[in-house]
Every structure is written in structure tokens, then in C-alpha cells.
Amino acid sequence: MNRTYARIYAVVKRIPKGRVATYGQVAVLARMPRRARQVGYALSALTDQSDIPWHRVVNAKGEISRRKNPIYEDIQRALLKTEKVRFDTAGRINLARFGWQAAASAPKRF
DNA sequence: TTTATGGCTGTCA
DNA sequence: ATGACAGCCATAA
């Protein structure tokens, strides 16, 4: 566990239940713009049980990203449905509705 | 060290 | 809408 991952996890932990954030969004909030891919890497390092709501992170299109082990795609979808997050006919989430408006819950800092 | 491979994303055709 | 590409950079080998 290094500082980079810790920051990413800290941000993911703040995502409210029933909401989702994109990898890029998490990267920005963790003050590491353009490192969306590394966010994905950090999350894949979890896999096991943890208090990190990894399932609340989706890609910029509002879909669940493809990964090596497709099993987790289904698990993620199931977990989100449990939180009342809706998927449209194309299997995507309407980010305008379920996207996390971080500004409202993120600590203010200047 | 170098290469390859990722739970990504914005841009452009 | 879809697909190719180029940036991005941590890990593993």
C-alpha cells in the first residue's frame, strides 16, 4: 500500500451509495489528472474483500469496463442494482442521474 | 533495462 | 454509433 493507492481508495470510499464515479473522475479527485488507467489498476489490486466500494467506479461511457475476469463484471452490475442504480437498454448508466456530484460531498479546499 | 499488458479517455475519421 | 490511435504509467517478467 503506497500513497498513490491510498489516495485513490480514499476517494472511492467517498462515493455515496447509489451513485457512481468514472475512473477519470476519481483520478482528478485524487489529484492525479489523466491517470484513470492507474485508478483501474489500483482497484484491480483489491479484488478481495475490502471496505472499498470498487463497484461504484465505471468508465466514462457509464458502462462497466471489460476486464480479464468477466465474473466481476456481473458482480459489479449486481451490486449496483442492489443500490438502485439503473441501467438503460444499452446496459449503460445515465451519469447525469447517477453520476456522483463530487463537489457537493468533497471537502472544500482552496 | 526493456517490453508487454492492462477494470481509461479524449479526439478524430 | 464504432473503431483506431495516442497519451498515460504501475506492474510483472
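Atoms considered below: every heavy atom in the structure, side chains included; atoms not considered: hydrogens, waters and symmetry mates. Sequence lines set the chain letters: A, B, ... in the order given, protein chains first and strands last, and positions in each chain run from 1.
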Taking [X] for the side chain and [Y] for the main chain, is one N or O donor matched with an acceptor at less than 3.5 Å?
X	Y	value
A:Q25	A:W100	yes
A:N59	A:G62	yes
A:Y72	A:S44	no

Can a salt bridge be assigned to the pair A:R67 and A:E73 using a cut-off of 4.0 Å between side-chain N and carboxylate O?
no
Measure [atom1]/[X] against [atom2]/[N] and give the value in whole Å, please.
X	N	atom1	atom2	answer
A:I52	B:dG7	CD1	C1'	15 Å
A:E73	B:dC8	CD	P	10 Å
A:I8	B:dC8	CD1	P	13 Å
A:Y23	B:dG10	OH	C1'	17 Å
A:N59	B:dT9	CG	C1'	9 Å
A:R77	B:dG7	CZ	P	16 Å
A:W54	B:dG7	CH2	P	12 Å

Identify the two heavy atoms, one from A:L95 and one from A:Q101, that lie closest to each other, and give their separation to 0.1 Å.
O-NE2, 4.4 Å
Show the nearest heavy-atom pair for residues A:I64 and A:Q76, with the distance to one decimal.
CG2-OE1, 3.2 Å
Measure the spacing between OH of A:Y9 and OG of A:S50 and express it to the nearest 0.5 Å.
7.5 Å
Could you note down all residue pairs passing side chain to side chain donor-acceptor pair (under 3.5 Å) where residues 82-94 of chain A supplies at least one of them, sequence neighbours left out?
A:H55-A:E83, A:R56-A:E83
Taking the P atom of each, how far is C:dG7 from B:dG7, in whole Å?
23 Å
Give A:V57 one of three labels, base, sugar-phosphate or nothing, depending on what nucleic acid heavy atoms sit under 4.0 Å from its own.
base
Show me, range against range, the stems involving DNA chain C, built from at least 3 consecutive Watson-Crick or G-U pairs below 3.5 Å.
B:2-6 with C:9-13, B:8-13 with C:2-7
Within the 4.0 Å limit for protein heavy atoms, which parts of nucleotides 2-13 of chain C are touched? Write it as a string from 5' to 3', B for base, S for sugar-phosphate only, - for none.
-----BBBBB--
Is there a chain of hydrophobic side chains (I, L, V, M, F, W, Y, each step under 4.5 Å between heavy atoms) that links A:V57 to A:V20?
no
